[in-house]
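The chains referred to below are lettered A, B, ... by the order of the sequence lines, with proteins before strands, and numbering in each begins at 1. Note: hydrogens, waters and symmetry copies are ignored here, and every other heavy atom, side chains too, is used.
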2 protein chains.
Amino acid sequence: MSDSSLPAVEVSSTPLERFEEFLQSRGKRVTQQRRALVEHVFRRHEHFDADDLIDEVSKSKSPERISRPTVYRTLKELVDAGLLRQMNINGRAVYEHDYGYPQHDHMHCEKCDKLIEFSSDDIQSLLQEIGLEHGFRISGRRLIVNGVCKECSQTSRRRKRPLDLI
Amino acid sequence: MSDSSLPAVEVSSTPLERFEEFLQSRGKRVTQQRRALVEHVFRRHEHFDADDLIDEVSKSKSPERISRPTVYRTLKELVDAGLLRQMNINGRAVYEHDYGYPQHDHMHCEKCDKLIEFSSDDIQSLLQEIGLEHGFRISGRRLIVNGVCKECSQTSRRRKRPLDLI
DNA sequence: TTTCATGCAAAATGTTTGCACACGA
DNA sequence: TCGTGTGCAAACATTTTGCATGAAA
């Protein structure tokens, strides 16, 4: 799964620092595994799922081979800590950076599975308004626009044209 | 899981008729099970998941006891046929009527799990515009606004106030 | 009478849990 | 040291599949 990116937002502490604060505030421990996972996850800006992460950290030649349950447990903590956002694509959990990253939504290409990020202040204010009308206290949203991306549209058009002309 | 409803849309044929057309157009058969499932699902307007449906049709005293795999298989066909829409709430597939029902989105209450439907033409046109900008051919969307509904806000406020005053 | 659909059981998938040992504070 | 975290294996929940039988066309 690939993705395109929005400009990052300035933040004062690193994801690791922020996670450590979070853990400490809850009386949880800063372990090698948790540290390694945050650093791994924030090394590059990408959408990923639990399996991607497990593959990467278990194949890793480094001494820190992190087990499947620990990855799942830590992902949950990272979401709680506000470092990651979780969404669902085809019934599987997909994660992305939340900390240091602006609010946005996604377009999901049904052909190549690419996630394209976009943001719109108008959507934000529109929903705010609708929430008020319904007395609904909004805490967040999950908006995924389905369809076919530019590249895949072009590819399939090119492939299909000869047949259409017969 | 409960829901609130939007006015229905006029349609010329019944869901069953439409499903039969769909099946025939694909060389599939109109079986007792498929017929029973469509009728069951469209008897009332409600959000439901596979388990709800399996419970209902397997507990059913009537002769048609429909098996789990058949329910799953038929749900998929109903989505393909455009009769049902599928979404994901907490990692499980949830279904709702699509045929004869206007385009809309949902607010999901984190406390009581209620789904509140709403529709907004502005969201529609906003996304249309954004799609154009990105060269993305939109086929649909999944928008779920998370938060707490009016009723649950009131309940928890009532409960919490005495404590806040101490 | 030929397919296709069903039901059964079992597999596959994605995620969570119980428990003994290891390790951070 | 104390109590939490980890890894293992197994459980779990949901959905899918292979295959023999049963029913539509």
Side-chain angles (χ1 to χ4, degrees), chain A residues 1 16 19-40 47-60 62-81 84 86-95 113, chain B residues 1 16 19-40 47-60 62-81 84 86-95 113:
Chain A
M1 195 172 286
L16 177 56
F19 193 37
E20 291 183 345
E21 280 171 35
F22 169 83
L23 292 170
Q24 277 156 10
S25 77
R26 303 232 178 161
K28 299 182 152 201
R29 288 172 186 169
V30 179
T31 63
Q32 287 208 340
Q33 289 86 337
R34 299 214 250 233
R35 214 170 356 222
L37 280 172
V38 197
E39 302 217 295
H40 183 96
H47 298 92
F48 63 94
D49 61 22
D51 247 28
D52 294 335
L53 192 48
I54 291 162
D55 271 14
E56 291 166 7
V57 299
S58 60
K59 270 177 203 158
S60 140
S62 48
E64 59 269 357
R65 231 202 102 272
I66 304 171
S67 69
R68 178 179 299 276
T70 295
V71 169
Y72 276 104
R73 288 187 276 235
T74 306
L75 280 173
K76 208 173 284 182
E77 292 164 347
L78 288 170
V79 170
D80 283 355
L84 292 182
Q86 191 190 51
M87 66 195 120
N88 265 76
I89 307 276
N90 301 331
R92 31 193 320 145
V94 172
Y95 300 86
D113 223 32
Chain B
M1 192 173 286
L16 177 56
F19 193 38
E20 291 182 344
E21 278 171 35
F22 168 84
L23 291 171
Q24 278 156 10
S25 78
R26 301 233 180 162
K28 297 182 155 203
R29 288 170 184 171
V30 179
T31 63
Q32 287 208 338
Q33 290 86 335
R34 300 214 248 233
R35 214 170 356 219
L37 279 172
V38 197
E39 301 217 295
H40 184 96
H47 297 92
F48 63 94
D49 60 24
D51 244 28
D52 294 336
L53 191 50
I54 290 162
D55 271 15
E56 291 167 8
V57 300
S58 60
K59 270 178 204 158
S60 139
S62 49
E64 59 266 0
R65 230 201 105 270
I66 304 170
S67 70
R68 178 177 302 274
T70 296
V71 169
Y72 276 104
R73 288 187 275 234
T74 306
L75 280 173
K76 207 171 286 180
E77 293 164 346
L78 288 171
V79 170
D80 282 356
L84 293 183
Q86 191 188 52
M87 65 196 122
N88 264 75
I89 307 277
N90 302 329
R92 30 193 320 147
V94 173
Y95 300 86
D113 224 32

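For the pair A/N88 and A/A93, the tightest heavy-atom approach, listed with the atom from each and the gap, is ND2-N, 4.2 Å. Summarising the geometry of A/L37 relative to A/V71, their closest heavy-atom pair is CD1-CA, 4.1 Å, with the distance given to 0.1 Å. Across A/I66 and A/Q33, no two heavy atoms sit closer than the pair CD1-O, 3.7 Å.
With hydrogens and angles ignored, the 3.5 Å screen pairs a side-chain donor or acceptor of B/R34 with a backbone N or O of B/R29.
One distance of note links NE2 of B/H47 with CG of B/D52; it measures 12.0 Å at 0.5 Å rounding.
The shortest distance between the side-chain N/O atoms of B/T31 and the OP1/OP2 oxygens of D/dA24 is not below 4.0 Å. Between A/Q33 and D/dG7 there is a side-chain N or O to OP1 or OP2 distance below 4.0 Å. When the side-chain nitrogen and oxygen atoms of A/K28 are compared with OP1 and OP2 of C/dA25, none of them lie within a distance under 4.0 Å. The phosphate of C/dT16 (OP1 or OP2) has no side-chain N or O of A/Y72 nearer than 4.0 angstrom.
Taking atom CD1 of B/I66 as the reference point, atom C1' of C/dC8 lies 16 Å away to the nearest angstrom. At whole-Å resolution of the value, CG in A/D55 and P in C/dT15 are 13 Å apart. Regarding A/R26, its CZ atom lies at a distance of 12 Å from the P atom of D/dG5, rounded to whole Å. In this structure, the CZ atom of A/R92 is 10 Å from the P atom of C/dT13, given to the nearest Å. The separation between B/L37 atom CG and C/dA5 atom C1' is 13 Å, rounded to whole Å. For A/L75 and C/dT16, the CG to C1' distance is 13 Å, given to the nearest whole Å. For the pair B/R35 CZ and D/dA23 C1', the interatomic distance rounds to 12 Å; values are reported in whole Å. The distance between atom CD1 of B/I54 and atom P of C/dG7, rounded to the nearest whole Å, is 12 Å.
Projected onto DNA chain C by closest heavy-atom contact, A/D51 and A/Q32 fall at different nucleotides, the more 5' of which corresponds to A/D51. Where B/G91 and A/E77 meet DNA chain D, the nucleotide closest to each residue was compared, and A/E77 sits on the side nearer the 5' end.
With the end axes of the helix from C/dT1-D/dA25 to C/dA25-D/dT1 each set by five pairs, the angle from one to the other reads 30° at 10° resolution.
Judged by distance alone with a 3.5 Å cut-off, a donor-acceptor contact links the side chain of B/R73 to the base of C/dG7. B/R29 contributes a side-chain N or O that forms a donor-acceptor pair with the base of C/dT3 under 3.5 Å.
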Next on the checklist: Working note: B/K28 + B/E77, criterion salt bridge (Lys or Arg N to Asp or Glu O under 4.0 Å); need CA distance, chi angles, decisive distance, verdict.
Outcome noted: CA-CA 10 Å; B/K28 297 182 155 203; B/E77 293 164 346; 3.2 Å; yes

Checklist entry - So A/D49 and A/I89, side chain to side chain contact (heavy atoms under 4.5 Å, CB included) or not? Walk me through it. => result CA-CA 10 Å; A/D49 61 22; A/I89 307 276; over 6 Å; no

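Minimum atom distance to the side chain of A/A93 is reached by C/dT15, of the listed C/dT15, D/dC8, D/dT16.
The side-chain heavy atoms of B/V57 and B/R68, taken from C-beta on, include no pair separated by under 4.5 Å.
Within the 4.0 angstrom heavy-atom criterion, base atoms lie near B/R68.
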